[in-house]
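What follows is one structure encoded as structure tokens, with my remarks underneath.
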Amino acid sequence: MSFSIGIVGLPNVGKSTLFKALTKKQVDASNYPFCTIEPNVGVVAVPDERLDKLSKLNNSEKTISTTIEFVDIAGLVKGASKGEGLGNKFLANIREVDAILQVVRRFNDPNVVHVHGIVNPVSDREVINMELILADLEVLNKSLERVNSQMKGLHDKTLDKQKILLEKIKSNLEAGKLMSEMELETEEKFIIKSFNFLTLKPMLYAYNVDEDEVNDHPTDGIAICAKIESELAELDEESAKEYMKTLGMEETGLNKLIKESYRALNLITFLTSGPKESRAWTIECGTKAPQAAGKIHTDFEKGFIRAEVINWQDLLDCGGEVSAKEKGLIRLEGKDYIFQDGDVTVFRFAN
Ligand code: GDP
């Protein structure tokens, strides 16, 4: 499964422009049977030069990228948590995604009205975050009521813990803090996981900037120019590269976004490669070998024996598997091996 990113932000900040640009080149759905393509959902391939190089090295018939899903979630306005605008329906959409990408307007253009009359990234962020916080507070208050009524006359350690935790979170939310910014312990995160709070999801900020600020590096997010992204999406690869050069642009918005999402979601990529296909797989940091194998097929996980692993660059430097084996660079790893970003692997398993 690919992971999904929900795009939110005030009206007229450039969400749809960015969504259309990012999802212009959608993946071929036949290679990804799990994809359900809806109008506000776009599934795109994660560009990965390692995969392309391995595919070339092994002359693979097919090259299959890992994917990322973008969901355009319009309708989040001031008062959404109270049903304003498209209200709760859209908050429900946010519940489904793995991370939230908040587009914040920084571009100045007198022809594009700002819903609050003035370009002010800080206050725009606060408006959106406050709606998400209010929605979480509603869920949290109901949960607290439930816990309180269950506790009547009972001394239950689990309920006690829940109550203390919910009250701690409540006071933080009321102070305007997102749950993703709170310092929560692993056990606390586990307790609240089932509540599916919105502000617990990683929040990425994409500042939609003017053309001349496209190489900015904001401390708390990324700079993107939706206008340029939509122009780039219309061009073929070569022309896009040329255009980026004339703009002095270091990286595409899509690349920046993907890097930032992988970081926020704690994801890495491992690769498989042979004459039939080269393929990239996304896993969480810290995943052990059998579970990584299970990404490919449940049988691989159940019957896992070992993984043969080499770093992608080492494999490339050797010019192929045979020479890498001769040089002793292919390691045999057991079930406790933790996969690393850029590992190329073959799994051995028993049926
Ligand atoms: P949404 O309501 O957030 O989805 O915003 P849209 O994507 O529909 O954009 C609103 C208006 O802003 C449109 O007229 C866009 O052409 C314009 N717009 C979007 N991104 C940029 C940008 O980076 N620079 C400028 N100047 N205009 C933009």
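Values in this document were obtained by computation on a predicted structure and should not be read as measured data. As the structure lists them, so they are numbered: ligands from 1, and atoms in each ligand from 1. If you read the sequence from its start, that first residue is 1, and numbering goes on from there.
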Check this for me, if you would: do [X] and [Y] make a salt bridge, where the nitrogen-to-carboxylate-oxygen distance has to be below 4.0 angstrom?
{"X": "R106", "Y": "E213", "value": "yes"}
{"X": "E251", "Y": "K259", "value": "yes"}
{"X": "E321", "Y": "K325", "value": "yes"}
{"X": "R331", "Y": "E308", "value": "no"}

Parallel, tilted or perpendicular, as decided by the 30° and 60° cut-offs, for the rings of H114 and H116: tilted

Plane angle bin for F347 and F270 - parallel if under 30°, tilted between 30 and 60°, otherwise perpendicular: perpendicular

For [atom], grab the closest protein heavy atom and report residue, atom and distance to one decimal in Å.
{"atom": "atom 20 (N) of ligand 1", "value": "N208 ND2, 3.2 Å"}
{"atom": "atom 27 (N) of ligand 1", "value": "F107 CE1, 3.4 Å"}
{"atom": "atom 2 (O) of ligand 1", "value": "N12 N, 2.7 Å"}
{"atom": "atom 5 (O) of ligand 1", "value": "G14 N, 3.1 Å"}
{"atom": "atom 26 (N) of ligand 1", "value": "D109 OD2, 2.9 Å"}
{"atom": "atom 14 (O) of ligand 1", "value": "V112 CG2, 4.2 Å"}

Using a strict cut-off of 4.0 Å, indicate which atoms of ligand 1 neighbour a heavy atom of [X].
{"X": "L10", "value": "3 (O)"}
{"X": "C225", "value": "23 (O)"}
{"X": "A226", "value": "20 (N), 23 (O)"}
{"X": "K15", "value": "1 (P), 2 (O), 3 (O), 4 (O), 5 (O), 7 (O)"}
{"X": "P11", "value": "2 (O)"}

Partner set under salt bridge (Lys or Arg N to Asp or Glu O under 4.0 Å) for K53, not counting sequence neighbours: E49

T17, portion touching ligand 1 at heavy-atom distance under 4.0 Å: both

For ligand 1, the portion of L18 having any non-hydrogen atom under 4.0 Å away: neither

Proximity flag G9 to ligand 1, non-hydrogen atoms under 4.0 Å: no

Whether N111 lies under 4.0 Å from ligand 1, heavy atom: no

Check: F349 ring centroid to F300 ring centroid under 6.0 Å: yes

Selection residues 235-268 - residue pairs positive for ring-ring contact (aromatic ring centres under 6.0 Å, His included), sequence neighbours left out: F3-Y262

Rounded distance [0.5 Å steps], CD in E260 versus NZ in K256: 10.5 Å

Contact check: K227 vs ligand 1, nitrogen or oxygen atoms, below 3.5 angstrom: yes

